[in-house]
Amino acid sequence: MKGKKLLTVLMTAGLAGTVLLAGCSSNDGGKSSNSGNTGKEGTNKTETGNGFVLGETPVNFSYYVHYDWWTTEPWGANPNSKWVQDNLKVTVEPIQSGGAAAQKLSTMIASKELPGAIMMDRGPEVERLRAAGALVPLDDYIDKYPNLKKWAGEETLNMLRSSDGKIYQFPNWYTAAPTGNGGWFVNKKIYADLGSPKLETIDDLYAYLKQVKDKYPDVIPLEVGGNGSGVEVMFPSFQEGANGAFHSMKAYPNGDKFDTIYNNEAWKETMLFASKLFREGLMTQDAMTQKDDQVKEKLATGRVAVFVGGNATNVGREGHNALKAKDPNAGYEFIWPIAKSGLDKNKIYPNGYNALGWNVNVITTSAKNPEGIFAYLDWMTGEEGTRIMFFGPKGLYWDEFDADGAPIPNDKWFSTPQEEKDKDKLEAYVWAGNATFVDTSKQKIEQTLPEEQRNWGSLAQLNIAWKTSMNMTQFNNIDPAPETDEGIINQQVTETANEYFGKILFAKSDAEVLSLIEEAKKTTTSLGFDKVNEYRTARWQENLALINGK
């Protein structure tokens, strides 16, 4: 995973810092039930269930983040890690990958000098460590301590079970509620100038884009981002219950098995429509060559009438703020997803979320105090831990929290420039992120702000994006490992399908689109794509069994 992917995963939760620290006008005097977390803020003791008591006995462990691009910040060098060190008596020794994570982990395994805990992706490498007997099972701790079990829930935890039936992984940025940044938005001034026509169906969209082209020849009617990525988000508009992830996988669930996307009639309709828009000049003509910065520049200068994409709440926010800074009446408006006529608009899902979140923490058998490490992670993922580790310790940018545990910003927040706040690097130490609590806090705070202070992207998430997000947890981790036969085939299929995607978009007629789709189907099938989808089907059925507790 690259740094950019981390930012994408954290966009939902990461905006909370921006929103929280944008202001809040009311509080309940700091009263809180602290349900599920018996910690006493400001003391040197935090009880976690009936087990290890943080703050009584020091906990010292080494911690390694298994990514080339990650550098773990020095412990105790920022407000929240210093608070933990002083109040909970937890001290962490960071181990760096040095830009060569695979080699670093292999060296530690060979030398039998594993760190006490590791942050890493779910999947083959976790199982590699488990099979080697290098990981501590967490089941007893999960039952003993309150927060992970409360916030993640049984279904999510069951998805983390290994083949021996035990849980070795503590999830990071898991969620019990929908998340997502994808969707559609329109240029407000252009839309108003054209009479604010109904913009709900594919037919409405086509008619509107033609109007834009006729009256605004210098404006891009529909912007779909780099590599035509917005077409992926358009796919769900043609089928209830579809998701853009299936476009990326080049496969979709057909009954109780995975099938090639080239057999999906709604996907064919999507590509016919996208190609039609492209050849009629109703879609950006540099869709396959432009970079993100070029897309942002178009949005910031108002040269886009309609946008569809997977990162719409974020690029839309930037474009909206840029336009509004020059003209208070300008900007963008996030709209409900476009849907093919006859479909239920409430079953169109431009977004998908995974209850398991981003990655996981594992505790190794090298740890001197594995229960102490788990107790710390469990504290971090609870209400008190999330407040302190994500929003900063009490007394920094907040002094009180409401009945639901959401921190209430104080005067220091308003008087501190954003660049100064960024130096605190609070999120660098969030290793057991609780997206549900963070997002709930963000929603509460956002709703209390005056309209002119509200965050455009956060409102887009709250009002539309999260309401049109599909739970994709059942499809978690179903792709084959890259080094396996199926994984090699899958990579070949992906490369081939991406080439055909460009050809289809540039097709000169509907007949050519359909011919290319059939050609792509034959080519990918000849590569052995059926084997990949058989593998996916088996893993998918295993996931469903885990979710159902079987």
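Positions are given from 1 along the sequence.
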Side chain proximity check, [X] to [Y], heavy atoms < 4.5 angstrom:
| X | Y | value |
| --- | --- | --- |
| Phe475 | Ile478 | yes |
| Ile118 | Asn361 | no |
| Asp439 | Trp466 | yes |
| Thr57 | Lys89 | no |
| Ser162 | Glu127 | yes |
| Met159 | Asn476 | yes |
| Glu371 | Tyr145 | yes |
| Phe390 | Glu427 | yes |

Determine yes or no for a side-chain-to-main-chain donor-acceptor pair under 3.5 angstrom, with [X] supplying the side chain and [Y] the backbone.
| X | Y | result |
| --- | --- | --- |
| Thr386 | Glu383 | no |
| Ser81 | Gly76 | yes |
| Asn351 | Ser469 | no |
| Asn254 | Phe258 | no |
| Thr381 | Leu377 | no |
| Asn434 | Phe437 | yes |

With sequence neighbours excluded, what pairs up with [X] under the side-chain contact (heavy atoms from CB on, under 4.5 Å) test?
| X | result |
| --- | --- |
| Leu527 | Gln492, Val493, Thr496 |
| Ala355 | Thr156, Thr473 |
| Ser248 | Glu232 |
| Ala481 | Pro124, Glu483, Thr484 |

Closest non-hydrogen atom pair between [X] and [Y], with its separation:
| X | Y | answer |
| --- | --- | --- |
| Ala177 | Thr436 | N-OG1, 4.0 Å |
| Pro79 | Pro393 | O-CG, 3.8 Å |
| Phe501 | Gly228 | CZ-O, 3.7 Å |
| Met120 | Asn359 | O-CB, 3.1 Å |

For this session: Please round to the nearest 0.5 Å and tell me the distance separating atom CG of Asn354 and atom CG of Leu356.
Result: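 Going from CG on Asn354 over to CG on Leu356, the span is 4.5 Å.
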Taking NZ, NE, NH1 and NH2 as the nitrogens, is one of them in [X] or [Y] under 4.0 Å from a carboxylate oxygen of the other?
| X | Y | answer |
| --- | --- | --- |
| Glu420 | Lys423 | yes |
| Arg539 | Glu542 | yes |
| Asp479 | Arg536 | yes |
| Lys531 | Asp485 | no |

May I ask you to check whether [Y] and [X] place their ring centres under 6.0 Å from each other?
| X | Y | value |
| --- | --- | --- |
| Trp151 | Tyr174 | no |
| Trp358 | Tyr67 | yes |
| Tyr252 | His247 | no |
| Phe170 | Phe374 | yes |

[X]: side-chain hydrogen bond (donor to acceptor under 3.5 Å, both in side chains) partners, not counting sequence neighbours:
| X | result |
| --- | --- |
| Trp75 | none |
| Asn463 | none |
| Tyr141 | none |
| Lys521 | Asn263 |

Exercise. Name the one of Asn80, Asp86, Asn78 that satisfies side-chain hydrogen bond (donor to acceptor under 3.5 Å, both in side chains) with Lys82?
Worked result: Asp86
Exercise. Between Asn181 and Thr313, do the side chains contain an N or O donor and an N or O acceptor separated by less than 3.5 Å?
Worked result: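 Judged by distance alone, the side chains do pair up.
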For this session: Go through the side-chain N and O atoms of Asp530 and Asn533 and say whether any donor and acceptor fall under 3.5 Å apart.
Result: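 No, no side-chain donor-acceptor contact under 3.5 Å.
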Problem set entry | Test ring-ring contact (aromatic ring centres under 6.0 Å, His included) applied to Phe529 - qualifying residues, sequence neighbours left out | none
Exercise. Can you pull the salt bridge (charged side-chain N to carboxylate O under 4.0 Å, His left out) pairs that have at least one residue in residues 157-180, sequence neighbours excluded?
Worked result: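 Passing the test, one end in residues 157-180: Arg130-Asp164, Asp139-Arg161.
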Problem set entry | Partner residues of Asp259 under the salt bridge (Lys or Arg N to Asp or Glu O under 4.0 Å) criterion, sequence neighbours left out | none
Seminar exercise, completed: Residues at least two apart in sequence or cross-chain that pass salt bridge (Lys or Arg N to Asp or Glu O under 4.0 Å) with Glu486, listed by chain then number, are none
Exercise. Do you know which of Thr364, Val362, Thr365 makes side-chain contact (heavy atoms from CB on, under 4.5 Å) with Val136?
Worked result: Thr365
Problem set entry | Ring geometry between Trp431 and Tyr376 (parallel below 30°, tilted from 30 to 60°, perpendicular above 60°) | perpendicular
Exercise. How are the rings of Trp83 and Trp379 set to each other: parallel, tilted or perpendicular (split at 30° and 60°)?
Worked result: parallel
Exercise. Run the ring-ring contact (aromatic ring centres under 6.0 Å, His included) check on Phe391 and Trp398 step by step: do they pass?
Worked result: CA-CA 8 Å; Phe391 299 107; Trp398 61 274; 8.2 Å; no
For this session: Report the C-alpha distance between Lys250 and Asn498 in whole Å, list the side-chain angles of each, state the deciding distance to 0.1 Å, and finish with yes or no for side chain to side chain donor-acceptor pair (under 3.5 Å).
Result: CA-CA 9 Å; Lys250 322 304 177 192; Asn498 288 341; 3.2 Å; yes
